[in-house]
Visitor: 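Structure below; questions to follow.
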Protein chains: 2
Amino acid sequence: MFVPTSQRVAMAQSDTVDRILDAAEELFAERGFSETSLRMITSKAKVNLAAVNYHFGSKNALIHAVFARFLTPYCETLEHSFDNLETTLGGQAPTLEALLSALMESAIRMPHRNAYGISIFMRLLGLAYTQSQSHLRHFLENEYSATFSRFMRLLKEATPQLSAVDRYWRIQFMLGATAFTMSSSQALSDILQNKLGVETRVEEIVSRLVPFLAAGMQARPNSPLSQSA
Amino acid sequence: MFVPTSQRVAMAQSDTVDRILDAAEELFAERGFSETSLRMITSKAKVNLAAVNYHFGSKNALIHAVFARFLTPYCETLEHSFDNLETTLGGQAPTLEALLSALMESAIRMPHRNAYGISIFMRLLGLAYTQSQSHLRHFLENEYSATFSRFMRLLKEATPQLSAVDRYWRIQFMLGATAFTMSSSQALSDILQNKLGVETRVEEIVSRLVPFLAAGMQARPNSPLSQSA
DNA sequence: TCACGTATCAAACGTATGTTTTAAACAAAT
DNA sequence: ATTTGTTTAAAACATACGTTTGATACGTGA
């Protein structure tokens, strides 16, 4: 949005706030939170350094705002998806594939704000887990625990054959494969593109990830291998 | 003046270098690289601040040294394990389970330097991938590409049914599930102990992880789910 | 037109960082 | 005893960080 400098018109608040959020979102995804300074963000957003603290209060609050901007509508979409799943099944337990698909398709169907699609959100979610930002973890737990708990309940119904301990660990394995992969999906895509000459979108990665996770979740526990270890 | 460790002749009684490495290893694993300052490391190690730059040259070189201390002997052990695998099979392709077991058992058999066992190494490996430290990535590529390439070749032989792209991504999924889980296995064990009253050792986690990974690797690609996405 | 709350700006604040310097203490070899 | 190299110590270095300040410009309602 170009505004002649001679007009010297004060921009509407949303303009500055959104530009900060856009720049922060990209830089956080590329470099992580600690490695991204407010000066990088404000210079990329072409706003004054003080604007971040003026509009958001602190760097941590800006991080929270970046997450809330995409996580709040995503959780709403996901809740609707869960509603449909439950009404369609009518008390029956959902299949694991259906449950994972609800997660992934809700993510893919989110409106894209830029050319990077949802990969930037996936990367941020991965960073939220792997970087040690306690304030962010607390924020996410406080804001989105309801949707998370609902997913966990549905997952338990979808895998009745697993013991509580097995299910617990396999959830960690799933979470790890997803968060880790997505936390470097852009870098991985670049590598793959150079190595194998294949262009890869996040949707394609997800379509490869879901069968992997579903098969892992439904593996027979205590295979002969596990006893040899 | 900085002198490489290998050239030092007269060794004083002090174990300054090891104390720095021990402290750095733990702090890096707990907090990440950027979030850990040299002052935290030196005060935990109870050495002078200047000792790090004296013995290692820079903070980045210290990070490399932390990785080299456990990665070099691990790769040696792993190479021997691969040797045994190849001579036993005599040209035949190894099974996926045997290959994964070689990886995991080599890790478990590493001499433990502290009470955290190998989980601290797993966590560091995970950080090496997820944190944006280009110098570290370059260091690891230069130092350990031989062993890594050998593993990739064996993995390709063990999964001939997979396309190159499928295999590539599933390796990422495996790596993610492993690094993520092990990076917080101590915390996860504590949670599990309180929640379900079960004590869990790393070896037990690994015995649960391997079947999960093997099943995921051998899942049929392009399940109906992936086409609906 | 005036006053008031909002937004922007350049500048400075205090703090923490990695690194370097200078000096002294120490152990072992000459 | 002297030399040589290793280690500790305290301080300072320059830089980067998040945050705050005070002045100024803006748009809106009175």
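A, B, ... follow the sequence lines: proteins, then strands. Residue 1 opens every chain. Just so it is clear, the values below take in all heavy atoms, side chains as well, and ignore hydrogens, waters and symmetry mates.
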Visitor: Counting only heavy atoms not in A:His80, do more than 12 fall under 6.0 Å of its NE2?
Guide: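 Incorrect, the count does not exceed 12.
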Visitor: State the CZ-CG distance between A:Phe148 and A:Leu140, to the nearest 0.5 angstrom.
Guide: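 One finds 11.0 Å between CZ of A:Phe148 and CG of A:Leu140.
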Visitor: List the residues meeting salt bridge (Lys or Arg N to Asp or Glu O under 4.0 Å) with A:Arg137, not counting sequence neighbours, and say none if there are none.
Guide: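 If we apply the salt bridge (Lys or Arg N to Asp or Glu O under 4.0 Å) test to A:Arg137, skipping adjacent residues, there are no hits.
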Visitor: By nearest nucleotide on DNA chain D, pick out whichever of A:Met40 and A:Tyr54 is the more 5' one.
Guide: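 That would be A:Met40.
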Visitor: Which of these nucleotides, D:dT7, D:dA12, D:dT19, is closest to any side-chain atom of A:Ser58?
Guide: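 Taking heavy atoms from C-beta onward, the closest nucleotide is D:dT19.
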Visitor: Give the rounded distance in Å between these two atoms: CZ of B:Arg31 and C1' of C:dA16.
Guide: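 It works out to 13 Å between those atoms.
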Visitor: Distance check: side-chain N/O of B:His55 vs OP1/OP2 of D:dT6, anything under 4.0 Å?
Guide: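 Negative; the distance criterion is not met.
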Visitor: According to a strict under-4.0 Å criterion, is B:Ser37 in side-chain N/O contact with OP1 or OP2 of C:dA16?
Guide: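 B:Ser37 to C:dA16 OP1/OP2: no side-chain N or O under 4.0 Å.
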Visitor: Report the distance from atom CZ of A:Phe33 to atom P of D:dG18, rounded to the nearest whole Å.
Guide: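 Answer to the nearest Å: 14 Å.
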Visitor: By nearest nucleotide on DNA chain D, pick out whichever of A:Gly57 and A:Glu35 is the more 5' one.
Guide: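 Closest to the 5' end, via its nearest nucleotide, is A:Glu35.
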Visitor: Looking across every strand, which nucleic acid part, if any, lies under 4.0 Å from A:Thr36 by heavy atom: base, sugar-phosphate, or nothing?
Guide: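 Sugar-phosphate contact only - A:Thr36 comes under 4.0 Å of backbone atoms but never of a base.
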Visitor: Between A:Thr16 and C:dA7, is there a contact of a side-chain N or O with OP1 or OP2 at under 4.0 Å?
Guide: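 The answer is no; no side-chain N or O of A:Thr16 sits under 4.0 Å from OP1 or OP2.
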Visitor: Got a sec? Which of residues 42-51 of chain A come in under 4.0 Å of DNA chain D, heavy atoms?
Guide: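 Hits under 4.0 Å, by residue number: A:Leu49, A:Ala50.
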Visitor: How close or far is atom P of C:dA7 from atom CG of A:Asp18, stated in whole angstroms?
Guide: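 The answer, rounded to whole Å, is 13 Å.
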Visitor: What is the distance, rounded to the nearest whole Å, between atom CG of A:Asn53 and atom P of D:dT19?
Guide: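 Rounded to whole Å, this separation is 5 Å.
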Visitor: Above 12 or not: heavy atoms from other molecules or residues under 6.0 Å from CZ of A:Arg153?
Guide: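 Check passes, neighbour count above 12.
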Visitor: Expressed as a whole number of angstroms, how long is the span from B:Arg39:CZ to C:dG18:P?
Guide: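 Rounded to whole Å, this separation is 7 Å.
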